[in-house]
Each structure stands twice: as structure tokens, then as C-alpha cells.
Trainee: 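Please read through the structure below; I'll follow up with questions.
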Amino acid sequence: MSSQLNRRTFVSAAASVAGAAAMAPLLSACGGGSHQKTGANTKTGLKAALPAYVPSTAVKPDIPSVSGGGNGAATDPAFLRYPTDQVATVSGVPGKGGSYTAVTPLWGTVPPAGNSFYQAMNKALGVDLAVKPADGNNYNTIVPTMTAARRLPDWIQLPAWWNNAFNTGELAGTQLADLTPYLAGDKVKKYPNLAALPTGAWQTCAWGDKIYGIPCVSTNFSLAGAIFYRRDSLEAKGITADQVKSADDMWNLGKELTDAKRGVWAFDDVWTYLSLFWGVPAQWKLVDGKLVHKYELPEFLEAMDWHYRLAKSGFMHPDALAGNNAGQGTRFYSGKVLIAGGGLGAWNLADYQSGTAADKNYRRGSFNVFAADGKSTPSIFLGPSASMISYLNKRLKPAQIEELLSVANYLAAPYGTREYTMVNYGVEGVHYTMNNGVPTATKEGQKFVQATTYPFLASPTSVISNQGADIVTKDYTAWAAANVKYGYKPLFWNVNISMSQSLATAAAAQSVEDTIKDCYHGKKKVSDVQAAISSWKSSGGDRLTRWMTTNVLDKVGTGQ
């Protein structure tokens, strides 16, 4: 691509990728604890437990979903305007007057108990639901204290990325209620908004062939993240994203954009998201029928080598090399960094508002997925269909579980419906007013209505909506539509795997991950990563691979 990349001349030299050896660590499974039952869901058992899927037609999006073809993925639909005719999907009041407690993580200011929003929600739901948001930054230490004392609330959010810390696999059935008798197959049709959630999202809630959780913020197109760039800055130089088609192209672009004397560097941290363009899997890959961890794959170390050389190239911002991730947003908004990796959640209205406040020309863009060698077919693994999952306490009686599932059905009402508006904005005239068709928070709404309080108990399938910033919605949906075809389901996609604590520790491979971070910051060499992998293999990695082969691959297959 070098010759076509832009109207200016790209420096031609392109780094050749060093070969790599293989080595090893491991990954994330779910569950832990020496007493827990280990293993994974079976295809037959899970099929009997999964709720039926009945899509909702309550609201029509402005930009419909785009299918990824044979990979089962589909982009989230989008809305350019908030629906003016807010239809109702729930008749009457879902609750019957029960009193319950709920705990969810909150990364923000905790509203006072008993505020006007909570009161209005309790009236709408027909229950006395005492919601107690807890500090999200310490949530992984708060929950184990409650589980150890067996004092979980009636309803709790357990983010899936902390399954190991929470020992969720063991909690299922011992402290968390089995929802299978209420939701399996056609039984879910009693709760039509829950029935409209994707089947893949329900799979992430299954342990031991039973449904225990309620998926929140689900999607049919989940990626680890993307490689973002300052679209306004690059296009001013005549550079467009579709000109970058290989790792060599990206390297040349870095050389072109970096001007340290002016305080501008091409790259912030990109390893977590760009390394996937080498074909690095989520954790496992089948090679000649055998299970191989990503650390043992040549493509992993090839990606590692490229990023180590990037750290030494002078194209990365010094603060990024120092590990100052907190300042990444400021560097990007100020134009000190023009390319940065990040989660797709960063591409939203708040980002647009912050960016344009710093630079009126600000426009976020994302490079298309490409194959590092510029020759192979681009591919990137799909993430789980839901990673925010709520659970009900096992001590609840059947009538109480049914009452809370009715409440969950209300909370899962689709975007733009009457129920969704209440859950996300509160009472019109009290917590929000309509401003040019956009629900706009009043001072009371800003104080009491937190965007995640109830949606972390149950919520509809994700949509794209950035009211007042159509350019963000159009840019994002266009990028998603162009790239959804590259997603593939990795081994054990959406499969919860329970394993002993020692294996879970091996799966975390923290010593390897620490060395990897030092390497892509230029502090340690690729050979140090290889040494860390070798040590990990002998101390637990090889045992983990054998366990995964025997207890998961051989018994239940790949989950595909």
C-alpha cells in the first residue's frame, strides 16, 4: 500500500517481521475454587435449557442491522432520532408488591437512597426494589466478601470478566438460582422482552447446562476493540483508512505521522487490539486436531516482535511507553497522538463532545480489519454476546423469582419504548425534558438517574444511538457494516468453563501477561516473553492444555 497510502510520500522502509518460536500460556476460563464442579456445557444439554428466541418488532431503527454472512454476527441497529411514539411493551405493573435488594457496580457518583428516581421506578415496577450501587473499581473485592458470608442480595450483577474472582461456576446452584424451569424453551415467551434477547447472550449465562443469569447489554457483534485514528487529522493529509492494508502500511504511516519536535507521535498503546490482526486467537486454536494456546503460535510472537520494534521506533508517545493509560484520552483529543487502540464503547456521543471541545474539527475513525501480512484474508475473533450478567439469589421462592423475572422483562424493553424511556431517563418533566426530540436530563435527572443502575439488572439488545451527533452514529455503523464479515467465532465461544483455582491461576498467566506488557513498552525483549512462556508451561500451562483437551475438547467439543 505504500505507494497509494496518501498523496504525500510514505517512508518506504517497512520492517520485516521476525520469525518466531512457539511457546505458551493461557487464558480465561470461568469459575474456580477447589470444591467446584468443573467442566463445560454440553451441546445437547444446553439446547434443552436455552430460551426460545422471539425478536421484537416494537420499534423500527433508522439504520437496520447488517448481517455478517455465515459467521452468525450482525451489527447493532441504529437510531438517528429518539422515537416520538413511545410504544408500550408491558401491560400493567409487572410486580406484585414484593420487597427486594439489588447490588450493581457503578463507576460514578452513587445517588442517595430513596431518591425521586428510585421512588418512581418502584411505582412503575410494582415492587420495593432497594438498589444499592457499589464502587465498580473495588467490585471484584466486594462480591467475594458477600459470597463467603453467603449474604448475597436478592439480585446481583456479576460481570463475566470477573468470573474467576467471583467463582461464579460454583455459585451457580449453591447461591444463585436456577432459572431454567422459568425460561427454557417456550417458557420465556411469558416474558417477551427477555425472549427478544439473542440466544448467544443466554449461552453466556449457562453453567452446567442450566440457565442461571440474565444477560445485560447483549449484542450480536462483539469485538475486543478497534484501532482508532484521528480521522480529521489524517484526511487533512490525504490519508484514508482503506489505504492501510498491512502491518507494513501501518509502520510506514507511523513514520509519516510522527513529528516529535512538534510534540506529535503516531501511536499510543495498540498491542491489545492491533495484535489480533496477525490472526492471534482469543485463547485457543486447533492445529492438526490438537488444542494449542495462543502463546504457542508463531503468529503471536510475530505480533509481539512487531510491537517491540514499534516501542523502539520513536513512533509511540513517551507517556504511552511509560504506561500512563489514564492520559490516553487527553493525548488523543489534543492531537498529540493520532492512532490509539480501545474498546468500541469509546466511539460515542460523550467522546464526540469531549473531542470537539478540544478541537472543533475532531472526528474519530477506525481502521478496517486487515491481515498483518497484507495477503491473508482479514479475520478477528468475536467476543462473548454478553459480559454483564445479573443473577437471582437461590433462597428466593418460586413466586418471588417469577415476580423478579417480570421486572426484568420490563427493564429489557427495547430502545425507545415507554418502559425504556422510564428506565433510562425517569419521569418526563422531573428527570428529563424533550429538547428538539432528544430526552435531556434536568438537574434532578443528572443527580439521580445513573445510566447503568437498572440496565445492569436487565436491558435490551444494544443499539447505536448518539442523539445530536448523527455523524458519530453514521461513522460507527458504516465501519461496523464494512467489518462484520471478518468476525469469526473462536473456540469455546460463549462457553462457560469451570475449573479448579490452580488451573484458573494458570489460565490467567499473570507473569506472562506482565512480561508481554513490558515488551510492547520496549522494556523487555521478545526473548524474555519466550522465557516467561516456557516457565509458565512447566508451572501449569501444559497441565492446563491437557485438562482443556480432556475435559472440554474431548467431552463437549469446541462449542462451534
Side-chain angles (χ1 to χ4, degrees), residues 59-69 71 73-83 198 217-235 239-242 244 268 270 272-274 276-277 328-329 332-333 338-370 378 380-383 385-388 414-416 420 424 437-439 451 455 459-487:
V59 183
K60 183 179 180 180
D62 296 310
I63 302 175
S65 173
V66 175
S67 171
N71 62 9
T75 63
D76 294 328
F79 291 82
L80 298 176
R81 298 290 179 269
Y82 200 78
V217 200
S218 54
T219 177
N220 285 311
F221 184 45
S222 173
L223 297 181
I227 302 301
F228 296 114
Y229 68 99
R230 281 290 299 266
R231 181 168 176 171
D232 54 311
S233 299
L234 268 63
E235 289 188 348
I239 303 170
T240 57
D242 59 1
V244 180
D268 213 291
V270 291
T272 302
Y273 311 99
L274 185 58
L276 307 184
F277 291 13
Q328 186 182 82
F332 196 64
Y333 294 143
L338 302 178
I339 300 171
L344 288 169
W347 205 349
N348 58 24
L349 176 62
D351 171 75
Y352 178 77
Q353 292 170 334
S354 297
T356 52
D359 183 341
K360 64 181 178 60
N361 296 315
Y362 176 84
R363 189 175 181 185
R364 180 181 288 263
S366 177
F367 292 103
N368 290 327
V369 177
F370 59 77
I380 187 168
F381 63 79
L382 297 169
S385 301
S387 54
M388 301 298 292
Y415 177 90
Y420 180 94
N424 288 273
V438 179
S459 54
T461 305
S462 297
V463 302
I464 307 303
S465 174
N466 301 283
Q467 299 299 321
D470 288 357
I471 190 173
V472 178
T473 299
K474 291 178 179 178
D475 283 352
Y476 182 100
T477 53
W479 175 86
N483 287 274
V484 65
K485 61 180 178 291
Y486 299 133

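Keep in mind that the numbers below use all heavy atoms, side chains included, and drop hydrogens, waters and symmetry copies. Remember, predicted model here, so these are calculated numbers, not experimental data.
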Trainee: For the residue pair Leu344 and Leu223, establish whether any side-chain heavy-atom pair is separated by less than 4.5 Å.
Mentor: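 Leu344 vs Leu223: side chains touch.
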
Trainee: Quick one: salt bridge (charged side-chain N to carboxylate O under 4.0 Å, His left out) partners of Arg363, sequence neighbours excluded?
Mentor: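 If we apply the salt bridge (charged side-chain N to carboxylate O under 4.0 Å, His left out) test to Arg363, skipping adjacent residues, the hits are Asp475.
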
Trainee: Do Tyr229 and Ile239 come within less than 4.5 Å of each other through their side chains, counting heavy atoms only?
Mentor: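 No - every pair of side-chain heavy atoms lies 4.5 Å or more apart.
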
Trainee: How about Ser462 and Phe221: do any of their side-chain heavy atoms sit closer than 4.5 Å?
Mentor: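 Not in contact.
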
Trainee: Sequence neighbours excluded, which residues qualify as side-chain hydrogen bond (donor to acceptor under 3.5 Å, both in side chains) partners of Asn466?
Mentor: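 Listed in chain order: Thr473.
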
Trainee: Strictly distance-based, threshold 3.5 Å: is any side-chain N or O of Lys360 a donor or acceptor partner for the main-chain N or O of Ala357?
Mentor: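 Not confirmed, Lys360 side chain does not pair with Ala357 backbone.
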
Trainee: Under the side-chain hydrogen bond (donor to acceptor under 3.5 Å, both in side chains) rule, collect the residues that match up with Tyr420, sequence neighbours excluded.
Mentor: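 Here no residue qualifies.
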
Trainee: With side-chain hydrogen bond (donor to acceptor under 3.5 Å, both in side chains) as the rule and sequence neighbours excluded, what pairs involving residues 59-69 come up?
Mentor: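 Listed by first then second residue: nothing to list.
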
Trainee: Please list all pairs passing the salt bridge (Lys or Arg N to Asp or Glu O under 4.0 Å) test where one or both residues lie in residues 345-356, with sequence neighbours left out.
Mentor: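 Passing the test, one end in residues 345-356: Asp351-Arg364.
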
Trainee: Using the test side-chain contact (heavy atoms from CB on, under 4.5 Å), find all partners of Ile227 that sit at least two apart in sequence or belong to another chain.
Mentor: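 Result, side-chain contact (heavy atoms from CB on, under 4.5 Å) vs Ile227: Met250, Val270, Tyr273, Leu274, Phe277, Ile339, Phe367.
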
Trainee: Can you sort out the partners of Asp268 under salt bridge (charged side-chain N to carboxylate O under 4.0 Å, His left out), two or more places apart, ordered by chain and number?
Mentor: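 For Asp268, the residues satisfying salt bridge (charged side-chain N to carboxylate O under 4.0 Å, His left out) (neighbours in sequence not counted) are Arg331.
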
Trainee: Mind checking what makes salt bridge (charged side-chain N to carboxylate O under 4.0 Å, His left out) contact with Asp470, not counting sequence neighbours?
Mentor: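 With neighbours one apart ignored, the set is Arg81.
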
Trainee: Counting only N and O atoms by type, is there a donor-acceptor contact under 3.5 Å from the side chain of Gln328 to the main-chain atoms of Ala340?
Mentor: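 No; zero donor-acceptor contacts below 3.5 Å.
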
Trainee: So, using side-chain contact (heavy atoms from CB on, under 4.5 Å) as the criterion, who are the partners of Ser218 when residues are at least two apart?
Mentor: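 Expected list: Leu197, Pro198, Ala201, Ala386, Thr461.
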
Trainee: For the atom pair CD1 (Ile464) and OG1 (Thr477), what is the distance rounded to the nearest 0.5 Å?
Mentor: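 Ile464 atom CD1 to Thr477 atom OG1 measures 8.0 Å (nearest 0.5 Å).
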
Trainee: Taking side-chain contact (heavy atoms from CB on, under 4.5 Å) as the test, write out the residues that go with Ser354, two or more places apart.
Mentor: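 So Ser354 forms a side-chain contact (heavy atoms from CB on, under 4.5 Å) with Tyr333.
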
Trainee: Looking at residues at least two apart in the chain, or sitting in another chain, which of them share a side-chain contact (heavy atoms from CB on, under 4.5 Å) with Pro378?
Mentor: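 Expected list: Val369, Tyr486.
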
Trainee: Holding to side-chain hydrogen bond (donor to acceptor under 3.5 Å, both in side chains), I want the full list of residues that pass it with Asn361, two or more places apart in sequence or in another chain.
Mentor: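 By the side-chain hydrogen bond (donor to acceptor under 3.5 Å, both in side chains) rule, Asn361 matches no residue at all.
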
Trainee: What verdict does the side-chain contact (heavy atoms from CB on, under 4.5 Å) test give for Tyr352 and Ile471, after you've listed the backbone C-alpha separation in whole Å, the side-chain angles of each residue and the deciding distance to 0.1 Å?
Mentor: CA-CA 9 Å; Tyr352 178 77; Ile471 190 173; 3.8 Å; yes

Trainee: Is the closest side-chain heavy-atom distance between Leu382 and Ser222 below 4.5 Å?
Mentor: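 A side-chain contact under 4.5 Å is absent here.
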
